[in-house]
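What follows is one structure encoded as structure tokens, with my remarks underneath.
Treat the numbers as computed from the prediction; the structure is a model and nothing was measured.
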Amino acid sequence: MSLTGKVVLITGASSGIGADAARHLAKLGAKVSLVGRNQKRLNEVAEKIINDGSPTPLSIAADVTQESQRIVDETINHFGQLDVLINNAGIFISDSLDAFDINEYDRVMNINLRSVVCLTHLAVPHLEKTKGNIVNVSSDAGTLPYDVYLSYCISKAGINHFTKCAAVGLASKGIRVNAINPGDIRTPIFALAGVTDTEKYFEEATKNYLVGRVGEVSDTSAAIEYLVTQSFINGILLPVDGGLTCSGPKH
Ligand code: NDP
């Protein structure tokens, strides 16, 4: 489906799921606004998009916990409108009630949840003008309870419920709000969380998936495209998890 003329703001676009989604949506014609803290990696993603022959993106090096207003303002000043917001930036840590650090809890909640509510709030007036839509990148951890990923689970459960509240609250403005709930997707997030042998991690995780493999960023990009483009889909939490939440995790 063509996204020609549409402006898509994607947080966490310097890596993994966000980087691939940005490239994918740009290939469909979207003008993408790429947000992440790491300017070098944003530039690399922007260069790939330009080399694909897609519309030239805008890169905004910014921290989503501090600079929501600048992120929205720069996008509007550059492209003149906003059609789609993809709240994807996030971090993953391991903690539990036994090994708990309130500062780490706050860090996770600020990046994964608080920033999403703030950015959405600021984007609404612009999305109302275009009758646009929002896709939040949640996780299977938003519905499945993992005691060793306590803060992460709580943040993603918050995203799930925020998605539904926002869908109800923004319907009168003509804005749709949906989420994807991915299982394990092969990205740098696990190494950043301290997993030393990610190949071994993915190999062991494979047994959780009815389809016999973990996810790839192409899987999440396809799901994001679906939610962005389907006007009769609103307020859903779409599992992109190869059957994980159907069968339940096995390890
Ligand atoms: P990556 O680590 O590859 O990417 C995370 C992105 O978030 C990076 O672009 C990073 O940019 C950005 N980011 C993190 N903190 C901030 C911040 N404070 N301000 C701005 N940008 C920030 O991870 P994934 O692609 O895997 O994760 C993307 C989303 O998908 C996350 O919300 C994650 O929870 C979710 N998810 C991932 C799964 C997986 O298995 N990979 C499964 C389920 C959900 P930079 O470092 O440049 O700031």
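- Note that OG of Ser96 and CG of Asp147 are 7.0 Å apart. Values are rounded to the nearest 0.5 Å.
- The one candidate from Ile236, Asp241, Leu237 that meets the side chain to side chain contact (heavy atoms under 4.5 Å, CB included) condition with Pro239 is Asp241.
- A distance of 8.5 Å separates CG of Asn178 from CG of Leu238, quoted to the nearest 0.5 Å.
- Side-chain atoms of Glu47 and Asn43 include no donor-acceptor pair closer than 3.5 Å.
- For the atom pair Ile76 CD1 and Lys129 NZ, the distance stands at 7.0 Å (nearest 0.5 Å).
- The distance from the CG atom of Asn181 to the CG atom of Asn160 is 4.5 Å, given to the nearest 0.5 Å.
- Defined by atom type and a distance below 3.5 Å, a donor-acceptor pair is missing between the side-chain atoms of Asp140 and Thr245.
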Legend entry - Stepwise salt bridge (Lys or Arg N to Asp or Glu O under 4.0 Å) check, Lys48 with Glu44: CA-CA 6 Å; Lys48 281 184 187 158; Glu44 287 164 7; over 6 Å; no
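- For Tyr226, the OH atom is loosely surrounded, since the number of other residues' heavy atoms within 6.0 Å does not exceed 12.
- Note on ring orientation: taking the six-membered ring where Trp is involved, the planes of Tyr152 and Phe92 are perpendicular (angle over 60°, cut-offs 30° and 60°).
- Enclosure of atom NE2 in His161 is not indicated, since only 12 or fewer non-hydrogen atoms of other residues, nucleotides or ligands lie within 6.0 angstrom.
- The number of heavy atoms from other shown groups lying within 6.0 Å of OH (Tyr105) does not exceed 12.
- Between the side chains of Asp63 and Thr65, at least one donor N or O lies within less than 3.5 Å of an accepting N or O.
- By the 6.0 Å contact criterion, CD on Gln230 is enclosed, its count of non-hydrogen atoms from other residues, nucleotides or ligands being greater than 12.
- Closest non-hydrogen pair, Gly212 versus Thr206, comes out as O-CG2, 3.3 Å.
- Judged by distance alone, the side chains of Asn136 and Thr163 do bring a donor and an acceptor atom under 3.5 Å apart.
- Of the inter-residue distances, the one linking Ile175 atom CD1 with Leu170 atom CG reads 5.0 Å to the nearest 0.5 angstrom.
- Residues Asp95 and Arg107 are not paired through a salt bridge, judged by the lack of any N-O separation under 4.0 Å between the basic side chain and the carboxylate.
- Side chain of Thr11 to backbone of Ala89: a donor-acceptor contact under 3.5 angstrom is found.
- Remark: Ile93 CD1 to Ile189 CD1 distance equals 11.0 Å, nearest 0.5 Å.
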